[in-house]
Number of protein chains: 2
Amino acid sequence: MITVELLEKYGVIKKSFDKNDIILEEGNLPSHYYQIISGEVKMSNYNDDGREFIQGIFYNGQSFGEPPLFLNQKYPANAIAVENTEIFILPKGNFMKLLEENPKVSIKIIENLAQRLYYKSVMAAEISTHEPEHRVLKLIDHGIAYFNFQKDKNGYLINFTRQQIGDLTGLRVETVIRAIKALEKKGELKIINRKVYR
Amino acid sequence: MITVELLEKYGVIKKSFDKNDIILEEGNLPSHYYQIISGEVKMSNYNDDGREFIQGIFYNGQSFGEPPLFLNQKYPANAIAVENTEIFILPKGNFMKLLEENPKVSIKIIENLAQRLYYKSVMAAEISTHEPEHRVLKLIDHGIAYFNFQKDKNGYLINFTRQQIGDLTGLRVETVIRAIKALEKKGELKIINRKVYR
DNA sequence: TCCGTTTTATGATTAAAATCATAAAATGGA
DNA sequence: TCCATTTTATGATTTTAATCATAAAACGGA
């Protein structure tokens, strides 16, 4: 996350997106740095028969889509507004100048990329070698640590739909529903009027 | 990749590992920066029944294991020497000092992390939503672009065993063998005395 | 408040890859 | 050069999650 003052100094602009708007598209070449002001963004892929895989979900203050920007490669996924969203957008040239002139920002970027790489390492191993229940639980625990889940008297409210959990873990929605039921039976989590708590 | 001169200036040491030696272990806290001088290193996970998932394979000049170093988190995977390997090892404190005093290195680190994140994004989507043949072909094409595969009159020699391809794509070795056969039949690649070319 | 859409839910069936079994070929140390 | 190990290979069987079908509950705009 880069501070508003710094972004403004380098000529950032604000842009609004409605729910379900496409912010950037797979296959396109990157030209801007994106940082969320408010709202929620997902980056995801669709395979040939329309099945979705969610690479990640991003909230206030978080940036997304930097890797291809640094590599001059095409975006490997789409970015879509999950709800109405406001975003800071900075042209690549300005962004690079900002980085050069503010070395401490580089460290922030490194930490952010490291965090995302860490998540992807954990989930890749999960998706490849573990059963549905294990995958779902790992995603939930990651979500508690890194997403903005709220804690109340029942525990952490897992603010994902079953479909989203499926799209994040490579499982179909029915499998997720059954896995969550099984996890509840084992006492690993609670279901209170359809909402999942841990 | 950080230059030898710079590493030496900050007190790097060399260390040798034999084939199959464990360089660092899942669950441990990081304390050093690692950069390969010669040889080959894999980072991988093992699930409860010993099934392996290879996070990545690294060669001369490449570094590995940085994300947890930047985050002060436990390693999410093991690093193992695939063959006899020499490695530059720099203590965390020295490495951080090097970064602070050489801002251009930060950009290199960013590019490297971005590249690895890119690979993981592509493979995560593959593993979650595509059939074995597609997954194998995608890995092979990625390998051609980013690993040191050699080109000769038959095309690029894919320098992975079927088992390695399986461990990188989350498939069992028999499935990989059958997928490669099917891809040959479709003309997507060649098998010349058991070696795969593309 | 009504109605279309989304989300959660459950049972039956199917398909695809994993597993199991076995073996030939190749490789690499001793 | 020999022999143990690794790699590639193939067929049969099983298992597991996907798929298919259907529906109730909840949600959200108009």
Side-chain angles (χ1 to χ4, degrees), chain A residues 18-20 40 42 47-54 80-84 126-137 139-140 157-185 189-197, chain B residues 18-20 40 42 46-54 80 82-84 126-137 139-140 157-185 189-197:
Chain A
D18 289 334
K19 185 175 176 175
N20 297 324
E40 184 179 342
K42 68 175 174 186
N47 76 356
D48 299 334
D49 23 80
R51 186 166 173 191
E52 184 174 13
F53 175 73
I54 300 178
I80 295 166
V82 177
E83 48 187 59
N84 294 349
E126 280 296 316
I127 291 173
S128 299
T129 60
H130 285 100
E131 335 71 76
E133 287 176 37
H134 200 279
R135 283 151 80 167
V136 168
L137 207 54
L139 176 77
I140 284 174
L157 170 61
I158 308 309
N159 206 15
F160 285 147
T161 66
R162 270 75 164 163
Q163 184 64 61
Q164 284 179 314
I165 293 174
D167 293 341
L168 284 158
T169 55
L171 297 167
R172 309 305 325 229
V173 66
E174 298 96 324
T175 304
V176 173
I177 288 167
R178 291 186 250 252
I180 286 175
K181 287 268 157 92
L183 286 166
E184 189 202 21
K185 202 159 285 175
L189 38 77
K190 277 174 275 186
I191 306 176
I192 297 165
N193 58 31
R194 295 171 156 222
K195 304 225 164 293
V196 178
Y197 291 86
Chain B
D18 290 335
K19 185 174 174 175
N20 297 324
E40 184 180 340
K42 69 175 173 186
Y46 298 91
N47 75 356
D48 300 335
D49 24 78
R51 185 165 174 192
E52 185 175 11
F53 175 73
I54 300 178
I80 295 166
V82 177
E83 49 186 58
N84 294 348
E126 280 296 316
I127 290 173
S128 300
T129 60
H130 286 98
E131 335 71 77
E133 288 175 37
H134 200 277
R135 282 151 80 164
V136 168
L137 208 54
L139 176 76
I140 285 173
L157 169 61
I158 308 309
N159 206 17
F160 284 146
T161 66
R162 271 65 163 172
Q163 183 64 62
Q164 283 179 316
I165 293 174
D167 293 340
L168 284 158
T169 55
L171 297 167
R172 308 308 320 232
V173 66
E174 299 95 324
T175 305
V176 173
I177 288 167
R178 291 186 250 251
I180 286 175
K181 288 266 156 97
L183 287 166
E184 188 202 23
K185 202 159 285 175
L189 38 77
K190 277 174 275 188
I191 305 176
I192 296 164
N193 59 29
R194 296 173 155 220
K195 302 224 163 293
V196 178
Y197 291 86

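Naming convention: chains lettered A, B, ... in sequence-line order (proteins, then strands); numbering from 1 in each chain. None of these values were measured; they are calculated from a predicted model.
For A/K181, a side-chain nitrogen or oxygen approaches OP1 or OP2 of C/dT10 to under 4.0 Å. Neither OP1 nor OP2 of D/dA17 sits under 4.0 Å from any side-chain N or O of A/T175. Contact annotation: A/R162 does not reach the phosphate of C/dT7 (side-chain N/O to OP1 or OP2, under 4.0 Å).
Here the P atom of nucleotide C/dA17 and the CD1 atom of A/I127 are 17 Å apart, to the nearest Å. Separating the CD atom of A/E133 from the C1' atom of D/dT16 is a distance of 12 Å, rounded to the nearest angstrom. Rounded to an integer number of Å, the gap from CZ of A/F160 to P of C/dT8 is 13 Å. For B/N193 and D/dA9, the CG to C1' distance is 15 Å, given to the nearest whole Å.
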Checklist entry - Hey, mind stepping through B/T169 and B/E126 against side-chain contact (heavy atoms from CB on, under 4.5 Å) and telling me if it holds? => result CA-CA 8 Å; B/T169 55; B/E126 280 296 316; over 6 Å; no
Checklist entry - Where do A/F53 and A/I127 land on the side-chain contact (heavy atoms from CB on, under 4.5 Å) test, with the steps shown first? => result CA-CA 12 Å; A/F53 175 73; A/I127 291 173; 4.1 Å; yes
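Between A/K195 and A/R178, the residue whose closest nucleotide on DNA chain D is further toward the 5' end is A/R178.
Counting atom types as modelled, A/R172 pairs no side-chain N or O with a base atom of D/dT16 as donor and acceptor under 3.5 Å. Not a single donor-acceptor contact under 3.5 angstrom links the side-chain atoms of B/R194 to the base of D/dT6.
Across C/dA17, C/dT10, C/dT19, the shortest atom-to-atom separation from the side chain of A/E174 is found for C/dT10.
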